[in-house]
Amino acid sequence: MTVQEMPKNFDFGEAESRLYTWWESHGYFKPEVAPADAEPFVIAIPPPNVTGELHLGHAMFVSLEDLMIRYERMRGKAALWIPGTDHAGIATQLQIERMLRNEGTSREEIGREEFLFRTWEWKEKYGNAIVNQLRRLGASCDWDRLRFTLDQSLSVAVREAFITLWDQKLLYRGPRLINWSPGLQTAVSDVEVERSEEQGTLYYFKYPVEGGEFIPVSTTRPETILGDTAVAVHPDDDRFKHLVGKTAYVPLIERPIPVISDSYVDREFGTGALKITPAHDFNDYEIGLRYNLPMISIMNKDASLNANAGPYAGLDRFEARKKIWADMTAAGLTIKTEPHTLQVPRSQRGGEIVEPMISEQWFVKMEPLAEKAIAAVKDGRIKIVPDRFEKVYFNWLENIRDWCISRQLWWGHRIPAFYCPNGHITVQRENPVRCATCGSRDLTQDPDVLDTWFSSGLWPFSTLGWPAQTPDLDRFYPTDVLETGYDILFFWVARMIMMGMWFTENIPFHTVYLHGLVRDKNGEKMSKTKNNVVDPLIMMGQFGTDSLRYTLLTGGTPGNDQNISEERIEYSRNFGNKLWQISRFIISNLGEETIADPAEFITELSAPDRWILSRLQGLVGSVQRLFDTYQYGEAGRQIKEFLWEEFADWYIEISKNALYGDDAHAKQITQAVLLKVIDTNLRLLHPFMPYITEEIWRFLPGEHKPLILAAWPVSDARFINADAESDMDLLRDLVVKIRNVRLEYSVDPGRRIQAIATGQPTTGLQIGQYAYIFSRLCNVEQLDMLNGKAAPEQSAAVVSGDVTVYLPLAGMIDLAAERTRLTEELEMIKGQIAKTQGMLANESFVSRAKPEVVERERTKLADLTRTRAAVEERLGGLVG
RNA sequence: GGGUCGUUAGCUCAGUUGGUUAGAGCGCGUCGUUGACAUCGACGAGGUCAGAGGUUCGAGUCCUCUACGACCCACCA
């Protein structure tokens, strides 16, 4: 057997592309790498926008999903991670329009066909950039199954879904009040509108009523006065009761409108009277419907005022606001203005102020779909992690409103509805040739496209071939976990569940795992304007992919936002280096002999061996428990702590004794233990840090599968050993205390000192056998046993459990200082004894606490009592 | 108006079946070129776990309320 020396450092830049190509070219990312009868484990990727630039949100979901996929693959499942991209209607269209503008043209000028041609051309050229960036993160997707929401087969799925809803009378089309984006010139859905709290003005003015009276009214948007079709007051409001039923006149344009009463009006707010603009306000729209009021739209598609605004036609909505208020002031109709905080509806994309407008659009009736989606989570078929999001999910679905799915865009799935000159609408699988009612061949297709989220909602099954009954759909649907950020719970997750339940009569996945948002080191949202964006590509280039992944995976807790900074990623890089150095040390010390399994030596193991193997198996069990409950971050932290603080700092240092010693058998055992520990940890860490672990794995001796396919560790109870753990705790405690004494007395670090020990732990540990630990870890030249002789004078003493170690430091010991030091320690021990005694004296503690807890306290008290005796004895022997 | 999350060391955060002396990184102080690692090691200082009640033998952890901060949903012009 030859052992290949590892390089001094991990060259991640070189290794990442090499290993990724190796994995992919061997088909390791494909579910077919598992036996044909293996249980599948499937994740459908949250498809990034084709226009996307890799950001930490992508890095987050890739890290988590790749972790789950690699973990399940190692557990022998047929792991399938379906990759894909989203056509992202608005975002992409904006991008192409910008490009056309730079060319001095526009989409209107080149026409729909040419525009789509240009967009596809752009997509073919640049649409894979984001895909390549996902690969760089180590994503082990099955790239042969890459999908795009506008693919032929996915378009078939979209059309099938649309037709099904139409046939089930769950689609309707008609003029409704919708959210209109004047800049993009399209309708947007409710969830695409964000409300931002902003400082505005509340305008108070007089609404003239027949007979010379007036009603004071307040509004935040004076321009909408021109579209008023009623003034409303509360039915029980004595101030205005006598005016109900009379005619009011819209200021400036003198249009007569009724004064109505409705209990919706809040008498306490503003003037207690409300102007009603049904065509530009959602509440007013409802009231308008209730009272059959006219709906007067006063704006054009670009939100400038139209002919209904009379003299103000042509003005921009905000210009009009100023002008109207000025004119009303001149006419003596204004009362006052006051500052007012209001919720301004802004477009999620672009941030412009969205305008409620009456418009002809397509809608999905959501209630029947929502019912099934609610039931699936209520009865536990789908679980949301963390479960607090279930409440948010229910709240949204229980109050769901119909979904406006048409968009006045060109890039997307064209609505498969065809209009006959007589108004008949045909919706069917194949494009109709002639109208079924009038026979006309003069059919026109609806010019609009569907909301991007309509196709995303079908993603878990459309990517597997639905509506065709493909083998993939049969084998891999339903998928298993849907992992994404909580910010798209409504946009995407809820809609996937609704559409999955509706169209496949099955859950689309059994678990939803929601991660938090990534923020900057101060918890602020990252944004280009704030210049606090951490670029994952730059971080990967600087510290390696594994460092970024490990940071994201361990930096927070499920569902909570996490702050990230370059320093954290740098620290992860340091951990990667530590892992590399540990491995390099082990591999360079394995020698030429075949390495056995420590289980073969189970009766011959030393205390440190038994300890580290017990801790190792404890770790494996703990990691499993954490993985089972989706607590990957804590699992990753525990692996790091084990490797760094226990294995590297203690076991490896101790192991040098056997490795550099003459006892070949002891050396062989130590090698077996070292190899076992690193082997297991590489497996545990692989889903977190795939590259460095796979690279180290290649240097491990023997013939073995690639790590990506190696078996996930299972805790081996044979090695769990409480006595070994307590023995090593004792030895480590003594070492730390001796180091302390050395530092306190300024003993030269290079000076080798003597030590004399006494005492016998109840576990049977023979301190004398482990003198080498003290030699290596705190520079004790020789450790003798006291064996009943008198304690040495002029020495410092450290006590731990049943063991006292004297350090004869003639000439360096300050007896007064030593007495102070030991007295302080004695006080601490006494404090603990008092506390423990108190607990044990408490009858209800002894009778009610779990027996093992009581037993532990008893043992502790016994240990402490012996330690106290030892310290007291030493203090008594300290004669000045 | 309804809801969620957070408040633990100077800073950023862990701490999920309640159970020894509450942890880490960074920062700070002292020290270290021993054959894996200075991308490191040794030792240390630093916390009434936001506050008040409650449940419990026992609370950072469970319950209630309060304060402060962040976010989500919602039709107050």
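Lettering follows sequence order; numbering is per chain, from 1.
Across all strands shown, A/Val846 has no heavy atoms under 4.0 Å from either base or sugar-phosphate atoms. Across all strands shown, A/Leu489 has no heavy atoms under 4.0 Å from either base or sugar-phosphate atoms. Within the nucleic acid shown, A/Arg401 comes within 4.0 Å of sugar-phosphate atoms alone, with no base atom in reach, counting heavy atoms only. Residue-level contact check: A/Phe282 touches neither bases nor backbone, having no heavy atom under 4.0 Å from any strand. Residue A/Arg388 is classed as a sugar-phosphate contact, given heavy-atom separations below 4.0 Å to backbone atoms only. Across all strands shown, A/Tyr486 has no heavy atoms under 4.0 Å from either base or sugar-phosphate atoms. Within the 4.0 angstrom heavy-atom criterion, only backbone atoms of the sugar-phosphate kind lie near A/His340; the bases stay farther away. Nucleic acid contact for A/Gln562: none, since no nucleic acid atom lies under 4.0 Å from a heavy atom of the residue. Residue A/Thr557 is in sugar-phosphate contact alone, with no base atom involved, counting any heavy-atom pair closer than 4.0 Å across all strands shown. Residue-level contact check: A/Trp644 touches the backbone only, with heavy atoms under 4.0 Å from sugar-phosphate atoms and none from bases. Using a 4.0 Å heavy-atom criterion, one finds that A/Thr220 contacts the sugar-phosphate atoms exclusively. Residue contacts for A/Arg856: at a heavy-atom cut-off of 4.0 Å it reaches the sugar-phosphate backbone alone, with no base atom in range. Base contact: A/Gln832 has a heavy atom under 4.0 Å from a base atom. No engagement by A/Glu566 is indicated, since no non-hydrogen atom pair under 4.0 Å with the nucleic acid exists.
Residue A/Asn740 places at least one side-chain N or O under 4.0 Å from the OP1 or OP2 atom of B/G44. Between A/Ser583 and the phosphate of B/A36, there is no side-chain N or O to OP1/OP2 separation shorter than 4.0 Å. In terms of phosphate contacts, A/Arg637 brings no side-chain nitrogen or oxygen within less than 4.0 Å of OP1 or OP2 of B/A24. Between B/C40 and A/Asn574, a contact under 4.0 Å exists linking OP1 or OP2 to a side-chain N or O. A/Lys8 has a side-chain polar atom (N or O) that falls below the 4.0 Å cut-off from OP1 or OP2 of B/C37. Side-chain nitrogen and oxygen atoms of A/Lys850 include none within less than 4.0 Å of the OP1 or OP2 phosphate oxygen of B/G19. When the side-chain nitrogen and oxygen atoms of A/Lys391 are compared with OP1 and OP2 of B/C72, none of them lie within a distance under 4.0 Å.
Put simply, the side chain of A/Asp190 does not reach to within 4.5 Å of the side chain of A/Trp403, judged on heavy atoms.
Within a 6.0 Å sphere centred on CD of A/Glu268, heavy atoms belonging to other residues, nucleotides or ligands number 12 at most. Residue-environment remark: CG (A/Asn399) exceeds the threshold of 12 foreign heavy atoms within 6.0 Å.
Base-pair partner of B/U20: not found among the strands shown (Watson-Crick or G-U wobble, both distances under 3.5 Å). Across every strand in view, B/C71 sits in a pair with B/G3 that passes the Watson-Crick or G-U test at under 3.5 angstrom. Under the Watson-Crick or G-U wobble criterion, with both distances below 3.5 Å, B/U34 has no partner in any strand shown. The partner of B/G29 is B/C43, judged by Watson-Crick or G-U wobble contacts that both fall below 3.5 Å. Using N1 to N3 plus N6-O4 or O6-N4 for Watson-Crick, or N1-O2 and O6-N3 for G-U wobble, each under 3.5 Å, B/G53 pairs with B/C63.
Summarising the geometry, atom CG belonging to A/Asp863 is positioned 9.5 Å from atom OG belonging to A/Ser800; distances are rounded to the nearest 0.5 Å.
For A/Lys656 against B/A36, a side-chain-to-base donor-acceptor contact under 3.5 Å is present. No hydrogens or angles were tested; on distance alone, nothing pairs the side chain of A/Glu5 with the base of B/A36 as donor and acceptor under 3.5 Å.
For the pair A/Trp396 CH2 and B/G2 P, the computed distance is 23 Å after rounding to whole Å.
Only the C1' atoms considered, B/G15 is 15 Å distant from B/G25, to the nearest whole Å. Taking atom P in both B/A42 and B/C5, one finds a spacing of 39 Å when rounded to whole Å. B/A38 and B/C71 have their P atoms separated by 44 Å, with the value rounded to a whole Å. Spacing of P atoms, B/G6 relative to B/A14, comes out at 9 Å, to the nearest Å.
Between the side-chain ring of A/Tyr660 and the base of B/G35, a stacking contact exists by the 5.5 Å and 30° definition.
Between A/Trp396 and A/Phe490, the angle of the ring planes stays under 30°, which puts this pair in the parallel group of the 30/60° scheme. Ring-plane geometry between A/Phe575 and A/Trp644 is classed as parallel, the angle between the planes falling under 30 degrees on a 0 to 90 degree scale with a further cut at 60. Using a 30° and 60° split on the angle between ring planes, A/Phe688 and A/Phe627 fall in the perpendicular class, above 60°.
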